[in-house]
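Following: one structure in structure tokens, then a few remarks.
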Number of protein chains: 2
Amino acid sequence: MSRILVIDDEPQITRLLTLLLEGAGHEVRVAADAAHGLHELALSQPDLLLLDLGLPDRDGVEVVRALREWSQLPVLVLSARSDPHDKVAALDHGADDYLTKPFDAPELLARLRALLRRVTPAEQQPVLALGKLTVDLAAHAVTVADKPVPLTPIEFSLLAQLARHAGRVLTHAHLLQAVWGPKAADQSHYLRVHFAHLRRKLRRAGLDEEIIRNEPGIGYRLLVPPS
Amino acid sequence: MSRILVIDDEPQITRLLTLLLEGAGHEVRVAADAAHGLHELALSQPDLLLLDLGLPDRDGVEVVRALREWSQLPVLVLSARSDPHDKVAALDHGADDYLTKPFDAPELLARLRALLRRVTPAEQQPVLALGKLTVDLAAHAVTVADKPVPLTPIEFSLLAQLARHAGRVLTHAHLLQAVWGPKAADQSHYLRVHFAHLRRKLRRAGLDEEIIRNEPGIGYRLLVPPS
DNA sequence: GCTCGTCTTAACGACATCTTAGCGCGGCGG
DNA sequence: CCGCCGCGCTAAGATGTCGTTAAGACGAGC
């Protein structure tokens with residue numbers, strides 16, 4: 001998910017952190033002192049830095065300050081020092097968050113998520129790619145071979161439902177419920193009409209293969225292209 | 001220095017916070033419950049939100065979640081609840097930091113500085129340039145081909161919202177919330193009227209291309225000029 | 001208290017979209 | 001063989017959304 005660099009000299013802590021972070025789907029690298037840490041920062045370009053203050057060769061605050069000369073990388077300081085004065089010093093020298101040991105694992109992960117969320121403003125929007133077809137759920141945009149396809153709200157909604165569960169069959173009831181709400185649970189010819197429109201637009205946009213398939217008596221499914 | 005909104009219902013706390021924050025050179029506004037808080041958020045467009053969780057009318061987490069529908073505003077939660085589970089919940093619903101009461105004043109200020117520091121790089125360029133169009137967020141000024149265009153507050157606010165998220169679609173609800181506050185969530189013809197005024201003024205100022213586009217049934221977006 | 005600018009509300013035409021209806025096709029079972 | 005059902009498709013009236021303009025309501029400043 002994200003690449004995280006841990007700078008800490010205690011093997012117990014780094015082992016624990018590695019386990020924790022990899023369990024959360026992150027990619028972890030470890031450096032045992034400031035010198036190696038700074039080297040690794042430039043080399044592996046991580047998405048976040050998890051930093052201990054008590055390093056053998058240099059104070060952690062120095063690491064943050066050096067880093068801030070050239071990078072906006074989010075930094076979470078993890079330290080045994082609970083003195084508010086230390087916290088203020090670290091935060092004011094460029095750290096984004098400060099957690100004292102012993103820490104609560106779920107809280108650490110949540111704070112990491114908060115930092116990562118903020119630093120990726122160009123949010124990894126859910127853009128589903130299916131061969132030549134692309135469905136951007138957030139921007140309400142659909143493209144075929146990189147060319148935008150103008151869809152009405154209902155058409156987009158139908159396609160989005162299928163794309164979200166690509167490959168699986170969605171029943172008539174499911175689609176009607178999702179697009180029109182509970183009142184239209186039995187008006188299954190709505191589906192026929194709007195799927196006709198949708199298929200025509202996709203065809204004219206250059207999608208040669210019919211990827212919207214009907215399962216007679218059941219519902220519809222979106223074919224996933226062999227990749 | 002920065003404008004900070006405090007949402008808390010205990011007068012003792014708000015008095016203390018106001019003193020503390022104004023002492024640090026910030027501009028402070030206070031709201032005593034969630035409803036007034038959301039209204040104030042839309043109205044005064046602060047730079048940061050300081051939020052208590054135990055509000056009389058609604059839970060603070062709900063406030064964050066509602067806010068995150070339309071804003072990236074940094075949020076620091078200040079709560080009496082020290083249970084890690086509460087922290088994780090608040091952080092995962094959009095809060096950026098979490099501090100438990102009683103808090104250490106210098107630490108609070110340092111954490112605020114850390115949050116504000118991270119949000120200012122976007123504010124360092126308060127002048128957005130989009131082809132012939134220029135939007136100065138700080139000075140509330142708009143120019144077309146270097147000639148100023150007089151806009152009313154609402155018109156500017158709409159344009160600023162679009163410009164801040166140039167290229168992306170902003171839903172009716174998003175725009176209404178951001179400009180009029182939570183009460184006007186369904187009055188979507190406000191948008192039609194004021195966008196008509198806005199488009200006319202831009203047209204008469206010499207903007208030949210229609211850069212404010214409507215996404216039928218969804219909302220509006222600002223076209224980014226090909227660069 | 002008046003004037004001016006701005007916001008709200010209302011009304012209307014134009015246009016796109018949705019709904020409804022109808023027709024042809026093919027598979028299936030009686 | 002023939003009627004039935006589900007499906008794809010198209011056409012046309014109904015509905016909704018949008019853009020625009022104008023008139024009344026409101027508030028700020030003098």
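Here is how names work: the chains are called A, B, and so on, in the same order as the sequence lines, proteins then strands, and each is numbered from 1.
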Completion exercise
In whole angstroms, the gap separating P of C/dC18 from CG of A/Leu191 amounts to 13 Å

Problem - Spacing between B/Phe156 atom CZ and C/dC7 atom C1', to the nearest angstrom - result: 18 Å

Exercise for the section: May I ask you to say whether B/Asp52 pairs ionically with B/Lys101, meaning some side-chain N is under 4.0 Å from a carboxylate O? Expected result: yes

Fill in the blank from the handout: Walking DNA chain C from its 5' end, the first of B/Glu155 and B/Pro216 to be reached, judged by nearest nucleotide, is B/Glu155

Completion exercise
Looking only at C/dC7, C/dT8, C/dC18, the nucleotide nearest the B/Trp180 side chain is C/dT8

Handout entry: Touch class at under 4.0 angstrom, heavy-atom based, for A/Ile154 against every strand present
Key = sugar-phosphate

Practice task
For the pair A/Asp208 and A/Arg203, find out whether any cationic side-chain nitrogen is under 4.0 Å from an anionic carboxylate oxygen.
Solution key: no

Practice task
For B/Tyr190, answer base if it contacts any base atom (sugar-phosphate contacts may also be present), sugar-phosphate if it contacts only those atoms, and nothing otherwise; contact means non-hydrogen atoms under 4.0 Å.
Solution key: sugar-phosphate

Handout entry: Gap between atoms CD and C1', on B/Gln187 and C/dT9 respectively (whole Å)
Key = 10 Å

Practice task
Could you check B/Val30 against B/Asp8 for side chain to side chain contact (heavy atoms under 4.5 Å, CB included), going step by step and ending with a plain yes or no?
Solution key: CA-CA 7 Å; B/Val30 176; B/Asp8 200 321; over 6 Å; no

Practice task
Report yes if at least one side-chain N or O of B/Thr152 is closer than 4.0 Å to OP1 or OP2 of C/dC7; otherwise report no.
Solution key: yes

Fill in the blank from the handout: Whichever of A/Asn214 and B/Tyr220 has the more 5' nearest nucleotide on DNA chain D, that residue is A/Asn214

Problem - A/Arg192 CZ to C/dT19 P, straight-line distance once rounded to whole Å - result: 14 Å

Handout entry: Range on DNA chain D touched by chain A, heavy atoms, distance below 4.0 Å
Key = D/dG6 to D/dT10

Problem - Heavy atoms from other residues, nucleotides or ligands near NE2 of A/His189 exceed 12 (cutoff 6.0 Å) - result: yes

Exercise for the section: Answer yes when B/Asp59 and B/Arg81 have at least one side-chain N-carboxylate O distance shorter than 4.0 Å, and no when they do not. Expected result: yes

Problem - Selected nucleotide, minimal atom distance to B/His194 side chain, candidates C/dC18, C/dT20, C/dT8 - result: C/dT8

Completion exercise
B/His197 atom NE2 is separated from C/dG5 atom P, nearest whole Å, by 15 Å

Practice task
Quickly work out the B/Lys201 NZ to C/dG5 C1' distance and round it to whole Å.
Solution key: 10 Å

Handout entry: Parallel, tilted or perpendicular: ring planes of A/Tyr220 versus A/His172, cut at 30 and 60 degrees
Key = tilted

Practice task
Just call it for B/Arg213: base, sugar-phosphate, or nothing, with non-hydrogen atoms closer than 4.0 Å on any strand.
Solution key: nothing

Practice task
Five pairs at each end of the helix from C/dG1-D/dC30 to C/dG30-D/dC1: take the axis at both ends and give me the angle between them to 10°.
Solution key: 40°

Problem - Main-chain N/O of A/Ala89 paired to A/His93 side chain as donor or acceptor, under 3.5 Å - result: yes

Problem - Nearest-Å distance for atom pair CG/C1', residues B/Leu176 and C/dT8 - result: 14 Å

Exercise for the section: Verify the ring-centre separation between B/Trp180 and B/His194: is it less than 6.0 angstrom? Expected result: yes

Exercise for the section: Evaluate the salt bridge (charged side-chain N to carboxylate O under 4.0 Å, His left out) criterion for residues B/Glu107 and A/Lys87: first the C-alpha distance (whole Å), next the side-chain angles of each, then the deciding distance (0.1 Å), finally the verdict. Expected result: CA-CA 7 Å; B/Glu107 179 181 353; A/Lys87 297 185 186 179; 3.4 Å; yes

Practice task
Starting at CG of B/Asp86, measure out to OG1 of B/Thr100 and round the result to the nearest 0.5 Å.
Solution key: 11.0 Å

